[in-house]
Amino acid sequence: QVQLVESGGGLVQPGGSLRLSCAASGSSFSINALGWSRQAPGKERESVARITSGGRINYGDSVKGRFTISRDNAKNTVYLQMNSLKSEDTAVYYCNAGSATIRAGTIYYSGTVYWGKGTLVTVSS
């Protein structure tokens, strides 16, 4: 039983910052990659960032230079520091976890992917 619980979402003005957290728990949690995806109204789910247990990181093109993903293995927690937020960053952000494979430097999930319930980030004046 794997559980992912996000926190840290809220309302922020353009140019502001937020930090999201995701706490992972459950037995048989040998998953080696954690990440964040988001879904804005009327749009498809988009991968934002992923990090493996070994520290390999991928970012979506739209957030490079603004967002930073990190993890604390001792706490089983992954973070997403979001800076210079834009209105187009408004979305529900979902923590996810899976078994990573790497091809050409890109992190992919294989098998079951686990999802949190999401936390809403609204960027608006």
Pairing residues for Arg45 by the salt bridge (Lys or Arg N to Asp or Glu O under 4.0 Å) criterion, not counting sequence neighbours: none
Side chain proximity check, Trp115 to Cys95, heavy atoms < 4.5 angstrom: no
Set of side-chain hydrogen bond (donor to acceptor under 3.5 Å, both in side chains) partners for Thr122, sequence neighbours left out: none
Smallest separation among heavy atoms of Asn58 and Gly105, with atom names: ND2-O, 3.2 Å
Min side-chain heavy-atom separation Tyr79-Leu34 under 4.5 Å: no
For the student: nearest non-hydrogen atoms of Cys22 and Leu4, plus distance: SG-CB, 3.9 Å
Donor + acceptor pair across side chains of Arg71, Asn73 (<3.5 Å): yes
Heavy-atom donor-acceptor pair, Gln39 side chain to Ala91 backbone, under 3.5 Å: no
hydrophobic_cluster_shared for Ile51 and Leu18, side chain cutoff 4.5 Å: yes
Minimum heavy-atom distance Thr52-Ala100, with the two atoms named: CG2-CB, 4.2 Å
ILVMFWY network linking Val48 to Val12, side-chain heavy atoms under 4.5 angstrom: yes
Distance, nearest 0.5 Å, that separates CG of Leu20 from CD of Gln81: 9.0 Å
Residue pair Ile69 / Gly35: nearest heavy atoms and the distance that separates them: CD1-CA, 4.2 Å
Euclidean distance, Asn83 CG relative to Arg19 CZ, rounded to 0.5 Å: 11.5 Å
Greater than 12 external heavy atoms within 6.0 Å of Arg56's CZ: no
Ionic contact status for Lys86 with Asp89, cut-off 4.0 Å: no
Single-linkage hydrophobic cluster Trp36~Ile107, side-chain heavy atoms < 4.5 angstrom: no
Gap between atom OG of Ser87 and atom CD of Gln13 - 0.5 Å precision: 12.5 Å
Glu46 versus Ser62, side-chain donor and acceptor atoms under 3.5 Å: yes
Distance, nearest 0.5 Å, that separates OH of Tyr93 from CG of Leu80: 7.5 Å
CZ-OG distance between Phe67 and Ser17, expressed to the nearest 0.5 angstrom: 9.5 Å
Close side-chain approach of Val121 and Arg38, heavy atoms under 4.5 Å: no
Shared hydrophobic cluster, Tyr94 / Tyr109 (ILVMFWY, side-chain heavy atoms < 4.5 Å): yes
Joint hydrophobic cluster, Leu85 plus Tyr59, side-chain heavy atoms closer than 4.5 Å: yes
Side chain Thr90, main chain Val123, donor-acceptor under 3.5 Å: yes
With Asp72 via side-chain hydrogen bond (donor to acceptor under 3.5 Å, both in side chains) - residues at least two apart: none
Step-by-step side chain to side chain contact (heavy atoms under 4.5 Å, CB included) determination, Ser124 to Leu11: CA-CA 7 Å; Ser124 177; Leu11 175 64; 4.3 Å; yes
